[in-house]
Amino acid sequence: MQLRAREHGRVLDGVGDVPRRAVDALTVPAGPAVPLARTLLRSPRRLAAVAMAALSVGLIAGGVVLRLDVPPEWHPEANGTPQLMAGLMFPVVGAFLLAHRARPATAWLMCVGGLLCAIDIFSESVVFAFAAAGDMDMAGYLRWPMVISHQTGGILLAVILPLYSPDGRLPSRRWRPMVAISAVVVVIVTLLDITRPTPDQASYPWPRIIPNPLALEATAPYSMAARQAFALLISVLALLALVSLVLRFRRAGPTQRRQIAWPLFAFAIYVACLLAGSDWWLAATFWTGVIPVAITFSVLRYRLYGIDTVISRAFVAAGLISAVSLIYAVGAVAGLALSGYDRIGGLIAALLAGMIFHPLRHSLRGLVDRLMYGTHGDPRAFAARLSREVRETEPTNALAAVAAVVKDGLSVTGVAVEVYEPGARQIQVGLLGPAPRGVPLVWHGEPVGLLLLGSPGPRRFAAAHNDRLIAVATPYVADVVHAVRMTADLQHSRERILSAREEERRRLRRDLHDGLGHALTDMAMAINMARISLRTAPDSADRLLTELRDGMDTVSEEIRELVYGLRPPTLDDLGLAGAVRALAQEGTPRVAVETEGNLSDLPAAAEVAAYRIAQEGLTNVRKHARASSATISLRRGESLVVRVQDDGHGLPSGPRSGVGLLSMRERAAELGGTCVIGAAPGGGTVVEAVLPIAADPR
């Protein structure tokens, strides 16, 4: 008998499951975890799964221990086979999923297929142990369970498990004949191995031929060809199982695609390793262990491990390694062809590899992005779309337009943008879903809003979790949000200015109507009375004219107060510096006025605000500070700085902002400046206002 893989068709063993098509296919409950022991005792099926996993691990361990005692000439040809890894990993993962109340169909296939692979490994070790001890007849009988478990376990994990994954059902009824064909193939291949004729000793790899009690010697001319044909058929069935996973992937939704992609990727590499030949059995063994790990990731943590990122990086790394290897191979061949120039060839190869590394890396990344995401995965194209939308859309609609571009570019179901401002607003395009991803929007270090991304959409691999695309989008969205905030602030400012202007017009109308209007009416009546009584009662006319003169003085004073309320006349007569000096000379204490810079061409708004702040500050000094001296300084630079400082008793322990202090702050804020009231360094109080200087609109 020959146990080498190429002679009895050990193909496509230990192939794993894929994650679920629907979220509930292999779902771990989100509620409180029930103690594992209590769960197992209440469910005989889960207890049986755990027992199968423990038995599989025990059989693998026993088989490995038995092989250590077998003489080297009787060792199996492949010490690390996919069956060993499948028997160790698949039952454990299947029992774990069943213990956590996952969907049972695929988990049971993993448990049964893995147990059969473990029986295969243990039976093989026992067969060689008896053969090495000289009991060839017992070795021949024990070969039967090895053959049966090998073929059945391999078909279960290589073909049946992918067909029924991830929801425990076939992709469609059209796949039923493939299941029947797989069952027939298992029976036929098992019978071929059980009735194997006696092989030729010259080509047998072990010291003695293990006899077969049911050998059909008449089939010797056809046995090898038949087994090779069925081995090829098993390979075709495994490839068709891979095709079924690809079809499920194409028809699945975005979330299910990310789940299916993990084991699909691992299974595809495993099949490629097996089809590459016996030299790749070690890689096939490794990937057999990776498949159940991929299943666990897809079931439990598929959102934390992006398979699209893994594929992208693997593709880029493979391309770089191939290109650099090709360059060095060409350099080596050139060095051999040109004797004495091998060092120069190596140097040139190193330089070429360094020159093309980064351009090739960017090209490969762009290619894999286009393959996985289409044009939406290209950061440069995405940035160009955003830039064009920002330039061409009017400011009022820019936020909604940019949100629509981000939704389409990231392939998500919805996008919302929250703007941080008084009465915060939100623009939403599409549906966010129950748990959107939040990305802060920061403009020059200032948080201005929040970008909310919905769940992945149906286009290929969703790019919602691609940090490169998000990093491209957020600066544009932050710029638009900042522009929206500035537009809102400008609108509010215009509304405040309009409201203040109308309030001032109302005050002037009231003052003119109630004060000057009545006074002028009274004066007109007094003039008429004086004219009537001028000839008949000169004394009465004289008295009326005297009262009229006093009334005219009152009207003049009221007009002066109205004009002074609009703009102090001393500013036009004396300028800002002269007007402040006039304020300083009106009373005690002694006030010094200091000026710096040209104060003659200040904007009217800044000039009035500076005068009023100095006036209010000086009023507070005279009323509350009990100071012996004070200083008013006016300094013009990039801004106009007004500073009022006294040497009084300072601010009270619990300062309260009165009308005057609030008025100074409001006047500074109206111009976009600041006004700070605090304690002076040597004692007393200091008021400092900084007023921006803009061009005078007059």
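Note that the structure is a prediction, hence the values are computed from the model and not measured. Positions are given from 1 along the sequence.
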field: Qualifying residues under side-chain contact (heavy atoms from CB on, under 4.5 Å), relative to M136, sequence neighbours excluded
entry: W74, A131, R208, I210, P211
task: Can you sort out the partners of L431 under side-chain contact (heavy atoms from CB on, under 4.5 Å), two or more places apart, ordered by chain and number?
output: none
query: Can you find a heavy atom in the side chain of L233 that is under 4.5 Å from one in the side chain of V189?
result: no
query: So which heavy atom on P221 is nearest to which on A218, and how close?
result: CD-O, 3.5 Å
Set of residues satisfying side-chain hydrogen bond (donor to acceptor under 3.5 Å, both in side chains) with respect to S223, sequence neighbours excluded: R227
- prompt: Between atom CG of L214 and atom OH of Y141, what is the distance when rounded to the nearest 0.5 Å?
  reply: 8.0 Å
task: Tell me, please, which residues at least two apart from V186 pass side-chain contact (heavy atoms from CB on, under 4.5 Å).
output: T152, I155, T190
task: Give the minimum heavy-atom separation between S244 and L163, together with the two atoms involved.
output: OG-CD2, 3.8 Å
- prompt: How would you list, by chain and number, every residue that makes a ring pair (Phe, Tyr, Trp, His ring centres under 6.0 Å) with F286, sequence neighbours excluded?
  reply: none
query: Does the pair I60 and F122 meet the rule for a side-chain contact (heavy atoms from CB on, under 4.5 Å), with working shown?
result: CA-CA 6 Å; I60 293 293; F122 183 77; over 6 Å; no
field: Between CG on residue L88 and SG on residue C117, distance to nearest 0.5 Å
entry: 11.5 Å
- prompt: CD1/I470 to CZ/R437 distance, rounded to the nearest 0.5 angstrom?
  reply: 3.5 Å
query: If you measure from CG on L157 to OG1 on T288, what distance do you get to the nearest 0.5 Å?
result: 9.0 Å
- prompt: Taking all atoms of both residues into account, what is the closest heavy-atom pair of L170 and R248, and its distance?
  reply: C-NH2, 3.4 Å
message: With a 4.5 Å cut-off on side-chain heavy atoms, are W108 and M52 touching?
response: yes
query: Between I148 and I194, is any pair of side-chain heavy atoms under 4.5 Å apart?
result: yes
task: Enter the distance from C111:SG to L116:CG here, rounded to the nearest 0.5 Å.
output: 11.5 Å
message: Between M146 and V126, is there a side-chain heavy-atom distance shorter than 4.5 Å?
response: no
- prompt: Are any of the side-chain heavy atoms of R67 and E124 separated by less than 4.5 Å?
  reply: yes
message: Could you check whether any side-chain heavy atom of S125 comes within less than 4.5 Å of a side-chain heavy atom of V70, counting everything from C-beta outward?
response: no
- request: Without swapping roles, check the side chain of N212 against the backbone of G140 for a donor-acceptor pair under 3.5 Å.
  value: no
field: L109 and F90, any side-chain heavy atoms less than 4.5 Å apart
entry: no
message: To the closest 0.5 Å, what do you measure between CG (L239) and CD1 (I234)?
response: 12.0 Å
task: Mind listing the closest non-hydrogen atom pair of S56 and G87 along with its distance?
output: CB-O, 3.4 Å
statement: Applying side-chain contact (heavy atoms from CB on, under 4.5 Å) to I188 and not counting sequence neighbours gives V184, L192, F230
task: Evaluate the side-chain proximity of L432 to T413: yes if any heavy-atom separation is below 4.5 Å, no if none is.
output: no
Name every donor-acceptor pair, under 3.5 Å, that has one atom in a side chain of residues 173-182 and the other anywhere in the protein, sequence neighbours excluded.
unit_1	atom_1	unit_2	atom_2	d
S182	OG	M178	O	2.8

Closest approach of P197 to T219 (non-hydrogen atoms, all atoms of both residues): CD-OG1, 3.9 Å
